[in-house]
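Following: one structure in C-alpha coordinates, then a few remarks.
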Protein chains: 2
Amino acid sequence: MATASSRLRRLVADELGECCDADVDRRLTELERLADDAFADDASRPVFAVLGNETRYRLARVLAVADDELCVCELEPLVDVSESAVSHALSDLVDAGLVSRRKDGNWRYYDSTDLADGLFAAADRGASEESEVSDQ
Amino acid sequence: MATASSRLRRLVADELGECCDADVDRRLTELERLADDAFADDASRPVFAVLGNETRYRLARVLAVADDELCVCELEPLVDVSESAVSHALSDLVDAGLVSRRKDGNWRYYDSTDLADGLFAAADRGASEESEVSDQ
DNA sequence: TAGTTATCTGAATGCTCCTTCAATCAGTAC
DNA sequence: GTACTGATTGAAGGAGCATTCAGATAACTA
(Lines give C-alpha, C1' and ligand atoms only; values in the text may rest on other atoms or scores of the structure.)
Protein backbone atom coordinates (compact mmCIF):
# COMPACT_ATOMS: atom_id res chain seq x y z
CA MET A 1 0.00 0.00 0.00
CA ALA A 2 1.08 3.54 -0.68
CA THR A 3 1.69 5.77 2.30
CA ALA A 4 0.19 9.25 2.39
CA SER A 5 3.59 10.87 2.14
CA SER A 6 4.70 8.86 -0.88
CA ARG A 7 1.49 9.78 -2.63
CA LEU A 8 2.03 13.45 -1.84
CA ARG A 9 5.54 13.19 -3.26
CA ARG A 10 4.21 11.80 -6.53
CA LEU A 11 1.57 14.53 -6.65
CA VAL A 12 4.17 17.25 -6.27
CA ALA A 13 6.35 15.55 -8.88
CA ASP A 14 3.38 15.41 -11.23
CA GLU A 15 2.55 19.08 -10.77
CA LEU A 16 6.08 20.46 -10.89
CA GLY A 17 7.42 18.11 -13.54
CA GLU A 18 10.10 16.97 -11.15
CA CYS A 19 10.57 17.35 -7.43
CA CYS A 20 13.11 17.17 -4.67
CA ASP A 21 12.71 16.72 -0.89
CA ALA A 22 12.58 20.47 -0.43
CA ASP A 23 9.53 20.74 -2.68
CA VAL A 24 7.67 18.07 -0.69
CA ASP A 25 8.62 19.69 2.59
CA ARG A 26 7.40 23.07 1.38
CA ARG A 27 4.04 21.62 0.37
CA LEU A 28 3.72 19.87 3.71
CA THR A 29 4.39 23.10 5.56
CA GLU A 30 1.76 24.90 3.50
CA LEU A 31 -0.79 22.21 4.33
CA GLU A 32 -0.05 22.40 8.04
CA ARG A 33 -0.47 26.16 8.05
CA LEU A 34 -3.71 25.71 6.13
CA ALA A 35 -5.00 23.27 8.73
CA ASP A 36 -4.05 25.62 11.55
CA ASP A 37 -6.03 28.43 9.93
CA ALA A 38 -9.01 26.22 9.17
CA PHE A 39 -9.25 24.67 12.63
CA ALA A 40 -8.52 27.86 14.54
CA ASP A 41 -12.16 28.08 15.63
CA ASP A 42 -13.90 24.75 15.78
CA ALA A 43 -16.67 26.63 17.57
CA SER A 44 -19.02 26.94 14.63
CA ARG A 45 -19.33 23.23 13.95
CA PRO A 46 -21.86 22.66 16.79
CA VAL A 47 -24.00 25.36 15.20
CA PHE A 48 -24.27 23.35 12.01
CA ALA A 49 -24.88 20.14 13.92
CA VAL A 50 -27.73 21.74 15.83
CA LEU A 51 -29.41 22.91 12.62
CA GLY A 52 -28.96 19.47 11.08
CA ASN A 53 -31.78 18.01 13.16
CA GLU A 54 -35.21 18.42 11.58
CA THR A 55 -37.05 19.50 14.72
CA ARG A 56 -34.47 22.13 15.62
CA TYR A 57 -34.17 23.25 12.00
CA ARG A 58 -37.92 23.79 11.72
CA LEU A 59 -38.18 25.69 14.98
CA ALA A 60 -35.27 27.93 14.03
CA ARG A 61 -36.74 28.51 10.58
CA VAL A 62 -40.13 29.50 11.95
CA LEU A 63 -38.54 31.89 14.43
CA ALA A 64 -36.40 33.39 11.66
CA VAL A 65 -39.42 33.90 9.39
CA ALA A 66 -41.61 35.32 12.16
CA ASP A 67 -41.50 39.05 12.63
CA ASP A 68 -41.57 38.86 16.40
CA GLU A 69 -40.89 36.40 19.18
CA LEU A 70 -43.03 33.30 19.65
CA CYS A 71 -44.22 31.38 22.71
CA VAL A 72 -43.51 27.68 23.22
CA CYS A 73 -47.20 26.85 22.97
CA GLU A 74 -47.27 28.54 19.57
CA LEU A 75 -44.26 26.61 18.32
CA GLU A 76 -45.37 23.23 19.59
CA PRO A 77 -48.19 22.64 17.07
CA LEU A 78 -45.82 23.45 14.19
CA VAL A 79 -43.57 20.44 14.74
CA ASP A 80 -44.75 16.87 15.12
CA VAL A 81 -42.99 15.90 18.33
CA SER A 82 -43.79 15.93 22.04
CA GLU A 83 -43.81 19.04 24.19
CA SER A 84 -40.68 17.76 25.88
CA ALA A 85 -38.85 17.36 22.60
CA VAL A 86 -39.70 20.95 21.68
CA SER A 87 -38.25 22.14 24.96
CA HIS A 88 -35.08 20.09 24.45
CA ALA A 89 -34.73 21.43 20.91
CA LEU A 90 -35.20 25.04 21.97
CA SER A 91 -32.62 24.66 24.73
CA ASP A 92 -30.11 23.31 22.22
CA LEU A 93 -30.83 26.23 19.91
CA VAL A 94 -30.29 28.70 22.76
CA ASP A 95 -27.03 27.00 23.75
CA ALA A 96 -25.81 27.27 20.15
CA GLY A 97 -26.61 30.98 20.07
CA LEU A 98 -29.20 30.55 17.34
CA VAL A 99 -32.18 31.58 19.44
CA SER A 100 -32.84 33.87 22.40
CA ARG A 101 -35.16 33.17 25.34
CA ARG A 102 -37.26 35.64 27.36
CA LYS A 103 -39.34 34.80 30.42
CA ASP A 104 -42.67 36.47 31.11
CA GLY A 105 -44.59 34.87 33.96
CA ASN A 106 -45.23 31.29 33.03
CA TRP A 107 -44.68 31.97 29.33
CA ARG A 108 -41.30 31.68 27.56
CA TYR A 109 -40.81 33.64 24.39
CA TYR A 110 -38.19 32.65 21.82
CA ASP A 111 -36.73 34.64 18.93
CA SER A 112 -34.06 34.01 16.33
CA THR A 113 -30.65 35.68 16.59
CA ASP A 114 -28.61 37.43 13.90
CA LEU A 115 -26.48 34.30 13.66
CA ALA A 116 -29.47 32.18 12.65
CA ASP A 117 -30.75 34.82 10.24
CA GLY A 118 -27.33 35.08 8.61
CA LEU A 119 -26.93 31.34 8.22
CA PHE A 120 -30.37 30.91 6.67
CA ALA A 121 -29.73 33.82 4.32
CA ALA A 122 -26.44 32.25 3.21
CA ALA A 123 -28.08 28.86 2.74
CA ASP A 124 -30.94 30.30 0.70
CA ARG A 125 -28.56 32.41 -1.39
CA GLY A 126 -26.53 29.32 -2.20
CA ALA A 127 -29.65 27.35 -3.08
CA SER A 128 -30.94 30.03 -5.46
CA GLU A 129 -27.56 30.33 -7.19
CA GLU A 130 -27.52 26.59 -7.66
CA SER A 131 -30.95 26.59 -9.29
CA GLU A 132 -29.85 29.43 -11.58
CA VAL A 133 -26.95 27.32 -12.77
CA SER A 134 -29.13 24.28 -13.38
CA ASP A 135 -31.65 26.43 -15.23
CA GLN A 136 -29.15 27.50 -17.86
CA MET B 1 -53.16 17.92 31.14
CA ALA B 2 -53.62 21.04 29.05
CA THR B 3 -54.06 20.63 25.30
CA ALA B 4 -52.01 22.77 22.95
CA SER B 5 -55.08 24.64 21.75
CA SER B 6 -56.31 25.48 25.25
CA ARG B 7 -52.89 26.82 26.10
CA LEU B 8 -52.85 28.94 22.97
CA ARG B 9 -56.25 30.30 23.92
CA ARG B 10 -54.97 31.37 27.32
CA LEU B 11 -51.92 32.95 25.71
CA VAL B 12 -54.06 35.02 23.37
CA ALA B 13 -56.29 35.97 26.29
CA ASP B 14 -53.24 37.01 28.29
CA GLU B 15 -51.84 39.15 25.48
CA LEU B 16 -55.11 40.78 24.36
CA GLY B 17 -56.65 41.18 27.81
CA GLU B 18 -59.63 39.13 26.71
CA CYS B 19 -60.27 36.90 23.71
CA CYS B 20 -62.99 35.27 21.68
CA ASP B 21 -62.92 32.30 19.31
CA ALA B 22 -62.19 34.61 16.38
CA ASP B 23 -59.00 35.86 18.04
CA VAL B 24 -57.74 32.32 18.56
CA ASP B 25 -58.63 31.32 15.01
CA ARG B 26 -56.81 34.34 13.64
CA ARG B 27 -53.67 33.50 15.59
CA LEU B 28 -53.85 29.90 14.41
CA THR B 29 -54.12 31.00 10.79
CA GLU B 30 -51.10 33.26 11.21
CA LEU B 31 -49.08 30.40 12.64
CA GLU B 32 -50.03 28.07 9.79
CA ARG B 33 -49.01 30.65 7.19
CA LEU B 34 -45.75 31.14 9.08
CA ALA B 35 -45.08 27.41 8.98
CA ASP B 36 -45.81 27.25 5.27
CA ASP B 37 -43.28 30.03 4.61
CA ALA B 38 -40.67 28.50 6.86
CA PHE B 39 -40.96 24.98 5.48
CA ALA B 40 -41.24 26.03 1.83
CA ASP B 41 -37.72 24.80 1.15
CA ASP B 42 -36.57 22.05 3.46
CA ALA B 43 -33.66 21.67 1.04
CA SER B 44 -31.07 23.49 3.10
CA ARG B 45 -31.35 21.28 6.16
CA PRO B 46 -29.17 18.48 4.71
CA VAL B 47 -26.48 21.09 4.14
CA PHE B 48 -26.33 21.84 7.85
CA ALA B 49 -26.45 18.15 8.74
CA VAL B 50 -23.50 17.46 6.45
CA LEU B 51 -21.43 20.21 8.07
CA GLY B 52 -22.36 18.96 11.53
CA ASN B 53 -20.00 16.01 11.25
CA GLU B 54 -16.45 16.79 12.34
CA THR B 55 -14.65 15.05 9.48
CA ARG B 56 -16.78 16.73 6.82
CA TYR B 57 -16.64 20.06 8.63
CA ARG B 58 -12.85 20.01 8.72
CA LEU B 59 -12.48 19.03 5.09
CA ALA B 60 -14.89 21.76 4.03
CA ARG B 61 -13.11 24.31 6.21
CA VAL B 62 -9.70 23.50 4.79
CA LEU B 63 -11.02 23.73 1.24
CA ALA B 64 -12.67 27.06 2.05
CA VAL B 65 -9.50 28.49 3.54
CA ALA B 66 -7.26 27.20 0.74
CA ASP B 67 -6.76 29.54 -2.20
CA ASP B 68 -6.98 26.79 -4.76
CA GLU B 69 -8.26 23.25 -5.12
CA LEU B 70 -6.71 20.39 -3.15
CA CYS B 71 -6.06 16.73 -3.94
CA VAL B 72 -7.41 13.89 -1.79
CA CYS B 73 -3.90 12.89 -0.78
CA GLU B 74 -3.33 16.42 0.51
CA LEU B 75 -6.56 16.40 2.52
CA GLU B 76 -6.12 12.95 4.01
CA PRO B 77 -3.29 13.80 6.46
CA LEU B 78 -5.32 16.76 7.79
CA VAL B 79 -8.08 14.61 9.30
CA ASP B 80 -7.57 11.65 11.57
CA VAL B 81 -9.68 9.02 9.82
CA SER B 82 -9.12 6.35 7.21
CA GLU B 83 -8.67 7.04 3.53
CA SER B 84 -12.07 5.49 2.93
CA ALA B 85 -13.76 7.78 5.41
CA VAL B 86 -12.24 10.80 3.66
CA SER B 87 -13.67 9.60 0.37
CA HIS B 88 -17.10 9.07 1.92
CA ALA B 89 -16.99 12.50 3.50
CA LEU B 90 -15.96 14.24 0.29
CA SER B 91 -18.76 12.51 -1.63
CA ASP B 92 -21.28 13.71 0.94
CA LEU B 93 -19.93 17.25 0.63
CA VAL B 94 -20.21 17.11 -3.15
CA ASP B 95 -23.77 15.78 -2.95
CA ALA B 96 -24.70 18.65 -0.62
CA GLY B 97 -23.27 21.19 -3.06
CA LEU B 98 -20.63 22.34 -0.61
CA VAL B 99 -17.65 21.13 -2.60
CA SER B 100 -16.80 20.58 -6.28
CA ARG B 101 -14.83 17.69 -7.75
CA ARG B 102 -12.48 17.68 -10.76
CA LYS B 103 -10.77 14.63 -12.20
CA ASP B 104 -7.25 14.78 -13.61
CA GLY B 105 -5.86 11.36 -14.42
CA ASN B 106 -5.76 9.40 -11.22
CA TRP B 107 -5.94 12.53 -9.09
CA ARG B 108 -9.18 14.08 -7.87
CA TYR B 109 -9.14 17.75 -6.96
CA TYR B 110 -11.71 19.25 -4.62
CA ASP B 111 -12.63 22.88 -4.05
CA SER B 112 -15.21 24.67 -1.91
CA THR B 113 -18.28 26.22 -3.52
CA ASP B 114 -19.81 29.65 -2.96
CA LEU B 115 -22.42 27.99 -0.76
CA ALA B 116 -19.78 26.70 1.65
CA ASP B 117 -17.89 29.99 1.63
CA GLY B 118 -21.10 31.90 2.38
CA LEU B 119 -22.10 29.62 5.23
CA PHE B 120 -18.69 29.80 6.89
CA ALA B 121 -18.65 33.57 6.50
CA ALA B 122 -22.07 33.82 8.15
CA ALA B 123 -21.01 31.48 10.97
CA ASP B 124 -17.80 33.42 11.61
CA ARG B 125 -19.63 36.75 11.48
CA GLY B 126 -22.09 35.49 14.09
CA ALA B 127 -19.29 34.19 16.29
CA SER B 128 -17.39 37.49 16.22
CA GLU B 129 -20.53 39.48 17.04
CA GLU B 130 -21.18 37.18 19.96
CA SER B 131 -17.67 37.69 21.33
CA GLU B 132 -18.09 41.45 20.97
CA VAL B 133 -21.21 41.29 23.09
CA SER B 134 -19.54 39.18 25.75
CA ASP B 135 -16.53 41.51 25.76
CA GLN B 136 -18.63 44.49 26.80
C1' DT C 1 -0.94 -7.60 -21.83
C1' DA C 2 -0.29 -7.37 -16.58
C1' DG C 3 0.83 -4.50 -12.68
C1' DT C 4 0.34 -0.16 -10.02
C1' DT C 5 -1.77 3.86 -8.64
C1' DA C 6 -5.39 6.91 -6.53
C1' DT C 7 -9.76 6.77 -5.28
C1' DC C 8 -14.30 5.00 -4.70
C1' DT C 9 -18.20 1.88 -3.22
C1' DG C 10 -20.86 -1.42 -0.29
C1' DA C 11 -21.79 -3.93 3.85
C1' DA C 12 -21.50 -4.28 8.75
C1' DT C 13 -20.64 -2.83 13.31
C1' DG C 14 -20.32 0.27 16.99
C1' DC C 15 -21.63 4.55 18.78
C1' DT C 16 -24.03 8.84 18.98
C1' DC C 17 -28.03 11.35 19.73
C1' DC C 18 -33.10 12.08 19.24
C1' DT C 19 -37.32 11.14 21.23
C1' DT C 20 -40.31 9.86 24.92
C1' DC C 21 -41.86 9.14 29.75
C1' DA C 22 -41.74 10.57 34.25
C1' DA C 23 -40.67 13.73 37.53
C1' DT C 24 -39.60 18.50 38.64
C1' DC C 25 -39.19 23.42 38.58
C1' DA C 26 -40.97 28.31 38.71
C1' DG C 27 -45.19 31.21 38.53
C1' DT C 28 -50.03 32.18 39.23
C1' DA C 29 -54.69 31.86 41.40
C1' DC C 30 -57.38 30.78 45.12
C1' DG D 1 -50.90 26.99 52.47
C1' DT D 2 -52.86 23.81 48.09
C1' DA D 3 -53.98 23.38 43.31
C1' DC D 4 -53.20 24.70 39.09
C1' DT D 5 -50.32 26.48 35.00
C1' DG D 6 -46.40 26.43 31.29
C1' DA D 7 -42.21 24.72 30.64
C1' DT D 8 -37.92 22.26 31.75
C1' DT D 9 -34.90 18.43 33.08
C1' DG D 10 -32.98 13.63 33.43
C1' DA D 11 -32.79 8.86 32.19
C1' DA D 12 -33.34 5.19 28.81
C1' DG D 13 -34.40 2.82 24.71
C1' DG D 14 -34.19 2.72 19.91
C1' DA D 15 -33.16 4.55 15.33
C1' DG D 16 -29.85 6.44 12.44
C1' DC D 17 -25.31 7.40 11.04
C1' DA D 18 -20.02 7.39 10.81
C1' DT D 19 -16.29 4.67 10.48
C1' DT D 20 -13.83 0.68 8.98
C1' DC D 21 -12.66 -3.39 6.15
C1' DA D 22 -12.77 -5.55 1.93
C1' DG D 23 -13.26 -5.39 -2.68
C1' DA D 24 -13.92 -2.79 -7.01
C1' DT D 25 -13.03 0.87 -10.48
C1' DA D 26 -10.68 3.85 -13.69
C1' DA D 27 -6.44 5.62 -15.26
C1' DC D 28 -1.49 5.32 -15.95
C1' DT D 29 2.99 2.50 -16.88
C1' DA D 30 6.05 -1.07 -18.45
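All of these numbers come straight from a predicted model, not from anything done at the bench. Chain identifiers are assigned alphabetically (A, B, ...) following the order of the sequence lines, protein sequences preceding nucleic acid strands; residue numbering begins at 1 within each chain.
The separation between A:D92 atom CG and D:dT9 atom P is 10 Å, rounded to whole Å. Spacing between atom CG of B:D80 and atom P of D:dA18 amounts to 17 Å, rounded to whole angstrom units. The CG-C1' distance, from A:D14 to D:dC28, rounds to 10 Å in whole Å. Rounded to whole Å, atom C1' of D:dG6 lies 10 Å from atom CG of B:L11. What separates CZ of B:R102 from P of D:dA26 is a distance of 20 Å, to the nearest Å. One interatomic measurement links the two molecules: CD of A:E74 to P of D:dA7, which rounds to 9 Å at whole-angstrom precision. D:dA15 atom C1' lies 15 Å from atom CD of A:E54, rounded to whole Å. The interatomic distance linking A:N106 (CG) with C:dA26 (P) rounds to 12 Å, in whole Å.
A stacking contact links A:H88 to D:dT9: the aromatic ring centre lies within less than 5.5 Å of the base's six-membered ring centre, and the planes differ by less than 30°.
The existence of a salt bridge linking A:R7 and B:E74 is excluded, since no basic side-chain nitrogen approaches an acidic carboxylate oxygen closer than 4.0 Å.
Out of D:dT20, C:dC8, D:dT8, the shortest distance to the side chain of A:S87 is found at D:dT8. With C:dA6, C:dT19, D:dT8 as the candidates, the nucleotide lying closest to the side chain of A:N53 is C:dT19.
Contact check, A:R108 against D:dG6: no side-chain N or O comes under 4.0 Å of OP1 or OP2. Applying the 4.0 Å criterion to OP1 and OP2 of D:dA18, one finds that B:R56 has a side-chain N or O inside that range. Within the structure, every side-chain polar atom (N or O) of B:R7 is placed at least 4.0 Å from both OP1 and OP2 of D:dT5. Look at B:R101 and you'll find a side-chain N or O under 4.0 angstrom from OP1 or OP2 of C:dC8. In terms of phosphate contacts, A:K103 brings a side-chain nitrogen or oxygen within less than 4.0 Å of OP1 or OP2 of C:dG27. In this structure, B:T55 reaches the D:dT19 phosphate: one of its side-chain N or O atoms is under 4.0 Å from OP1 or OP2.
Between the side chains of B:R101 and B:Y110, at least one donor N or O sits under 3.5 Å from an acceptor N or O. Judged purely by distance below 3.5 Å, without hydrogens or angles, the side chains of B:Y57 and A:S44 pair a donor atom with an acceptor atom.
For the pair A:S112 (side chain) and A:A60 (backbone), a donor-acceptor distance under 3.5 Å is absent.
Within 4.0 Å of B:Y110, counting heavy atoms only, lie sugar-phosphate atoms of the nucleic acid but no base atom.
Take the nearest nucleotide of DNA chain C for A:A85 and for B:V86: the residue whose nucleotide is more 5' is B:V86. Mapping A:S84 and A:W107 onto DNA chain D by nearest heavy atom places A:W107 at the nucleotide closer to the 5' end.
Around CG of B:D36, the count of heavy atoms belonging to other residues, nucleotides or ligands within 6.0 Å exceeds 12.
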